**Student:** 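Here it is, the structure, as structure tokens.
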Amino acid sequence: MKKPAVFLDRDGTLIEDAGFLRDAAQVSFYPQAIAALRRLGDFALFIVTNQCGIAKGHIHPEEARAVNDHVVRRLAEAGISIRAVYCCPHERSDDCECIKPKPYFPRLAERDHEIDLASSFVVGDHPCDVELAHAVGAKGVYVLTGHGAKHRAELRVPGTVVADIGAAADVIERAHAVAILRAEGIVAFPTETVYGLGADALSEAAVRRVFHVKGRPATHPLIVHFGDASLMAEWAAYVPNAARRLAERFWPGPLTLVLPASTRVPAIVTGGQDSVGLRVPRHPMALALLREFGGGIAAPSANRFGRVSPTTAEHVRQDLGSDVDFVLDGGACAVGIESTIVSLTSEIPAILRPGGVTQEEIEATLGRKVPVAQTSNVRTPGQMKTHYAPRAAVVLVPPEELEQRAEELRKQGRQVRVLSAKDVAPHVLFTSLRRADDAGVEFILASAPPEQGLGLAVADRLRKAAHPRTSKE
Ligand code: TXA
Ligand code: MG
């Protein structure tokens with residue numbers, strides 16, 4: 001399979017542009033460069049640099065090579081592999097064929113490294129970098145570091161303009177994710193609640209793969225995510241006033257509205273029901289992805305069925321490995337607990353799952369009581385008692401008994417971990433459960449917090465985790 005590439009300009013893009021560089025000691029990487037390139041693991045990376053100082057006699061070819069070698073070595077030490085450094089030693093008046101923006105080097109890469117130029121990128125701080133992208137049918141990303149700010153007005157061909165190499169990596173990752181979604185692949189992405197495992201909501205094949213990878217029964221519906229509340233009317237058969245009010249107040253944010261489904265929602269997304277869960281998340285990376293994609297992304301949490309939801313990209317990789325086509329890394333989730341699900345399919349609104357928006361906030365917005373549904377005829381895995389379960393047995397005990405109970409178990413030779421009130425704070429709860437599992441403990445002892453505010457959702461997840469696994473429903 002042909003690979004997409006990123007062709008990186010050197011000076012002013014990866015390292016500071018300090019004139020003609022003669023030796024390694026003069027090389028200074030931009031602080032964001034290494035972390036940015038690490039995120040581009042799906043791409044073949046090349047450096048393409050014009051070093052006219054060689055033709056002008058300011059630097060010796062060997063000096064230029066030493067600097068390039070140093071850059072490659074430093075990146076290799078950071079786990080980043082550069083396939084080749086393409087260096088043009090000429091000046092424009094030489095009329096060589098390799099100077100940017102002439103397509104010579106990307107074509108070499110295409111030939112020698114099986115690169116798909118149409119899905120590739122060129123990043124640089126000079127208009128010639130964006131023109132190079134144009135010349136080979138790739139996408140150009142113009143950075144404002146180096147000479148970028150100075151030459152910006154000379155940019156004649158379309159390219160995305162960003163602050164620096166870090167922001168360039170964001171653009172590249174996002175475009176890559178969108179391309180995968182359009183090709184009916186599946187992509188894990190961050191939201192402020194937990195990571196989602198996304199597919200084009202209109203692609204039955206892609207949604208089917210999500211169910212398969214997650215190991216989730218086909219009757220359990222997925223939430224459709226989109227980037228703008230105005231799209232709600234496309235996915236819902238009608239939008240009750242209460243939905244409008246909640247969306248206005250909490251979107252983008254950790255709230256899912258269950259509404260009567262419009263006819264465009266594929267049955268595979270709703271699990272054959274006539275309602276659909278809708279949400280606009282507020283994580284900037286999720287919002288940007290959804291807006292660029294344009295359509296709806298059907299996504300459950302990006303964990304295997306019945307396990308703890310992932311709140312970092314690393315959790316997703318541990319759970320799903322290569323079963324997912326791409327993982328967008330947006331850091332740790334700020335809320336850390338799933339969205340609140342409010343059903344508005346009947347006259348009386350109900351909370352189907354407590355989550356990142358509190359019951360109190362919802363009641364205040366609607367000006368009425370909104371009960372937490374205890375039972376439901378809807379098959380929501382969030383309502384299965386065995387959901388959110390770590391491998392270890394979770395035991396809930398009152399706070400004053402925690403230490404004593406732990407001691408008793410330890411005396412029996414058991415591996416025990418006690419979770420403090422801090423460990424069960426919403427944004428770290430799932431990480432705490434995973435860490436205990438990673439440490440291989442048999443028992444996790446915790447106390448449920450008071451059921452107010454986000455405590456309601458935490459207590460809900462802890463109760464479900466604590467329910468004995470033998471009583472699978
Ligand atoms: O915060 C969240 O909601 C995360 C992020 C990724 O958005 N998503 C999430 O998805 O937790 P999932 O699939 O793990 O849980 C969604 C819950 C499930 O319990 C599902 O059954 C319920 O929402 N749900 C989806 N559509 C529904 C519907 N039409 N009626 C009732 N419940 C529904
Ligand atoms: Mg440059």
Side-chain angles (χ1 to χ4, degrees), residues 186-199 201 207 210-211 213-227 235-237 243 250-262 265-283 285-287 289-290 296-311 315-316 319 328 330 333-346 349-357 373 375-388 426-427 430 457 460-461 464:
I186 59 176
V187 170
F189 64 99
T191 80
E192 70 279 17
T193 59
V194 301
Y195 275 71
L197 178 59
V207 174
V210 167
F211 277 97
V213 164
K214 212 179 139 77
R216 179 153 160 167
T219 48
H220 292 278
L222 304 187
I223 295 169
V224 176
H225 302 71
F226 38 86
W235 297 91
F250 298 109
W251 280 356
L255 174 72
T256 295
L257 298 175
V258 173
L259 301 177
S262 82
V265 189
I268 184 156
V269 171
T270 63
Q273 307 182 62
D274 49 16
S275 64
V276 63
L278 303 175
R279 166 156 123 86
V280 181
R282 75 162 169 246
H283 191 294
M285 219 179 244
L287 265 186
L289 174 74
L290 288 160
I297 297 181
S301 52
N303 52 294
R304 304 263 186 220
F305 185 60
R307 305 223 61 93
V308 178
S309 293
T311 52
H315 293 162
V316 177
D319 273 13
L328 266 177
C333 302
V335 175
I337 211 152
E338 299 89 341
S339 62
T340 302
I341 304 179
V342 177
S343 172
L344 297 168
T345 51
S346 68
I351 294 175
L352 300 185
R353 177 179 72 184
V357 172
T375 54
S376 159
N377 55 5
V378 173
R379 294 154 299 217
T380 59
Q383 293 196 335
M384 288 174 63
K385 293 198 184 92
T386 54
H387 210 45
Y388 311 106
H427 66 288
F430 290 152
D460 171 78
R461 302 308 187 271
K464 283 164 181 159

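Every number for a ligand or one of its atoms is a count from 1 in the order of the listing. Basis for what follows: all heavy atoms, side chains included, without hydrogens, waters or symmetry-related copies. These figures come from a predicted structure and were not determined experimentally.
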**Student:** How are the rings of F305 and H220 set relative to one another: parallel (under 30°), tilted (30 to 60°) or perpendicular (over 60°)?
**Tutor:** tilted
**Student:** Select the closest option to atom 26 (N) of ligand 1 among G198, P221, G271, A299, judged by heavy-atom distance.
**Tutor:** P221
**Student:** Considering the heavy atoms of I341, write down every atom of ligand 1 situated less than 4.0 Å from one of them.
**Tutor:** 17 (C), 22 (C), 23 (O)
**Student:** Would E192 and R279 pass as an ion pair if we require N to O under 4.0 Å?
**Tutor:** yes
**Student:** Ignoring hydrogens and geometry beyond distance, is a side-chain donor-acceptor pair present between E338 and S309 at under 3.5 Å?
**Tutor:** yes
**Student:** Out of A188, S301, A298, A261, whose heavy atom is nearest to atom 9 (C) of ligand 1?
**Tutor:** S301
**Student:** Would you say T270 contacts ligand 1, with heavy atoms under 4.0 Å as the rule?
**Tutor:** no
**Student:** So how far is it from R304 CZ to L197 CG, rounded to the nearest 0.5 Å?
**Tutor:** 9.5 Å
**Student:** Output the distance between atom OG1 (T345) and atom CG (L259), rounded to the nearest 0.5 Å.
**Tutor:** 8.5 Å
**Student:** Can you list the atoms of ligand 1 that are under 4.0 Å from a heavy atom of S275?
**Tutor:** 28 (C), 29 (N), 30 (N)
**Student:** Short list, please: which atoms of ligand 1 are under 4.0 Å from a heavy atom of V276?
**Tutor:** 29 (N)
**Student:** Are the side chains of P300 and I223 in touch, meaning some heavy atoms are under 4.5 Å apart?
**Tutor:** no
**Student:** Would you mind listing which atoms of ligand 1 come within a distance below 4.0 Å of any non-hydrogen atom of T193?
**Tutor:** 1 (O), 2 (C), 4 (C), 5 (C)
**Student:** Can you find an N or O of T191 that's nearer than 3.5 Å to an N or O of ligand 1?
**Tutor:** no
**Student:** My understanding is that we take every heavy atom of each candidate and find the minimum distance to atom 12 (P) of ligand 1. Doing that for E338, K214, R216, E192, which one comes out nearest?
**Tutor:** R216
**Student:** With a 4.5 Å cut-off on side-chain heavy atoms, are V280 and F250 touching?
**Tutor:** no
**Student:** Give the atoms of ligand 1, by number and element, whose distance to some non-hydrogen atom of H225 is under 4.0 Å.
**Tutor:** 5 (C), 6 (C), 7 (O)
**Student:** Can you confirm whether the side chains of S339 and R353 place a donor and an acceptor under 3.5 Å from each other?
**Tutor:** yes
**Student:** At a 4.0 Å cut-off, with the gap strictly under it, does some heavy atom of H220 reach an atom of ligand 1?
**Tutor:** no
**Student:** Should you measure from each heavy atom of G196, which atoms of ligand 1 turn up under 4.0 Å away?
**Tutor:** 6 (C)
**Student:** Any side-chain heavy atom of H315 within less than 4.5 Å of one from T311?
**Tutor:** yes
**Student:** Run the numbers for me: atoms of ligand 1, each under 4.0 Å from some heavy atom of S339, listed by number.
**Tutor:** 1 (O), 2 (C), 3 (O)
